[in-house]
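Notes for the one structure printed next.
Given the structure is predicted, the values throughout are model-derived calculations rather than measurements. Per chain, numbering begins at 1; letters A, B, ... match sequence-line order.
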2 protein chains.
Amino acid sequence: MMRGRAEETRERILAAAEECFARQGYDATGVAEICEQAGVSKGAFFYHFPTKQAVFLELLERWLAGLGERLAALRFGAATVPDALMQMAGTAQQVFEIARGKLPIFLEFMGQAARDPRVWQATINPYRRYRAFFAGMIEAGIAEGSLRRVDPDVAANALLSMAIGLVLQATVDPDGADWGQVVQQSVGMLLDGMRCTHENLSG
Amino acid sequence: MMRGRAEETRERILAAAEECFARQGYDATGVAEICEQAGVSKGAFFYHFPTKQAVFLELLERWLAGLGERLAALRFGAATVPDALMQMAGTAQQVFEIARGKLPIFLEFMGQAARDPRVWQATINPYRRYRAFFAGMIEAGIAEGSLRRVDPDVAANALLSMAIGLVLQATVDPDGADWGQVVQQSVGMLLDGMRCTHENLSG
DNA sequence: TTTTATATACCGACCGGTCGGTATTTATTG
DNA sequence: CAATAAATACCGACCGGTCGGTATATAAAA
């Protein structure tokens, strides 16, 4: 019957917090506000979470885990590595549309990570996994002959930097461009410098 | 002669605020704390600035103006456009060293810009100038024959995205890499996709 | 003295978190 | 099954403390 009532309350708190954090930022969002939006009392809030920061951290972990899953899923859906990367860039359009207005929480995550050691720890490990993941893809691309013999770590870093920069711009200036398209163009241009062309294949 | 005593107070407040914001973030920094660090009373603070946010905004404007000047200065110091861009990337090393520990304020700026309309206005205009500036450089590069016929706007966007992403990473994880070097490698890789000739010796 | 500049004391709003108590669900027992 | 006990989930008033900002006093300069 009421099985999982507590669980549902937890989820409602998390959802409300996510929305508030995205709209106003972590500090500007009061616990009372989250509770009101979740239709839950303050008592319930502190029954399910020890502190406000705990909510933030759980949100962060879910977000990072979801991102990792999505990346991994797209990894094996394309024939060649450049294709896979372009396909990832292609999904950016949908991601931006879906996440519109919810994106500022990304900034919040970064900002907290730069200062709070706990948040930093929770962020940096997935981040390094992503970097290794991309480096692995580049390596595979070189092995399959679709990419030049670039340094995989450098290329992965360049790719990640661009991705981060694009997300940031889309966050701050969502109406400034068709970011979905910009992502494809930008990544495409970066890949042009890594693709294996006949001119530079054998030196 | 006490000429400029008020001016010096102002500067001390700004410097103290910059340091505090960088170390703890905007919200976590109290006016009292800024005053203490500046060796100034709260009365002096609110004599020179109407609100805490006004301090933040002036800091932001100075920062953006300084960045613009530095970019413009480097524009005409190189023979070709790719050279100029690589030279800009080269200065990143110094910038990161100098700004070490002062970089988190960049995140603060972005975070506020995503939410506060006034901060957004103060940020977006310089940002668009930078984008136009880079687009102009790319165009010049094409004209001088050192770059392929890429879309200048797209290329400028890619360049800016990468720059933003790199600064962000260096902010969150300053010890995670030799960012100065990473900047050069990443920008170099992007330029490889835009260069006209393939004289690059891939390492 | 009038104006400018800095200092001190203070206010009201607000915030994260606590606490004593209540409702609801689950387990136990007759 | 019903009755009861125990554990779980939730409520909302309240507290200590902080914060941005103000009011007012004082010192220096013009």
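Computed from coordinates, the B:Glu36 CD to D:dC19 P distance equals 12 Å when rounded to whole Å. When rounded to the nearest whole Å, the span between CZ of B:Phe45 and C1' of D:dT22 equals 14 Å. Separating the CZ atom of A:Phe46 from the C1' atom of D:dC10 is a distance of 14 Å, rounded to the nearest angstrom. Going from atom OH of A:Tyr47 over to atom C1' of D:dG12 covers 17 Å, rounded to whole Å. Atom-to-atom, CD1 of B:Ile13 to C1' of C:dA5 comes out at 11 Å; the value is rounded to the nearest Å.
Checked against D:dG21, C:dA7, D:dC10, the side chain of A:Ala44 finds its nearest nucleotide in D:dC10.
Judged by atom type and distance alone, A:Lys42 reaches the base of C:dG16 through a side-chain donor-acceptor pair under 3.5 Å.
The side chain of A:Thr9 contributes no N or O atom lying less than 4.0 Å from OP1 or OP2 of D:dA9.
Judged by distance alone, the side chains of B:Glu19 and B:Gln37 do bring a donor and an acceptor atom under 3.5 Å apart. Looking at A:Thr51 and A:Gln53, their side chains never bring a donor and an acceptor atom within 3.5 Å of each other.
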Before giving the answer on side-chain hydrogen bond (donor to acceptor under 3.5 Å, both in side chains), spell out for A:Glu33 and A:Gln24 the whole-Å C-alpha distance, their side-chain angles and the decisive distance to 0.1 Å.
CA-CA 11 Å; A:Glu33 199 175 353; A:Gln24 305 169 307; 3.1 Å; yes

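Contacts of B:Gly43 with the nucleic acid, taken as non-hydrogen atoms under 4.0 Å apart, include base atoms.
In this structure, A:Arg115 pairs ionically with B:Glu108, as a charged nitrogen and a carboxylate oxygen lie closer than 4.0 Å.
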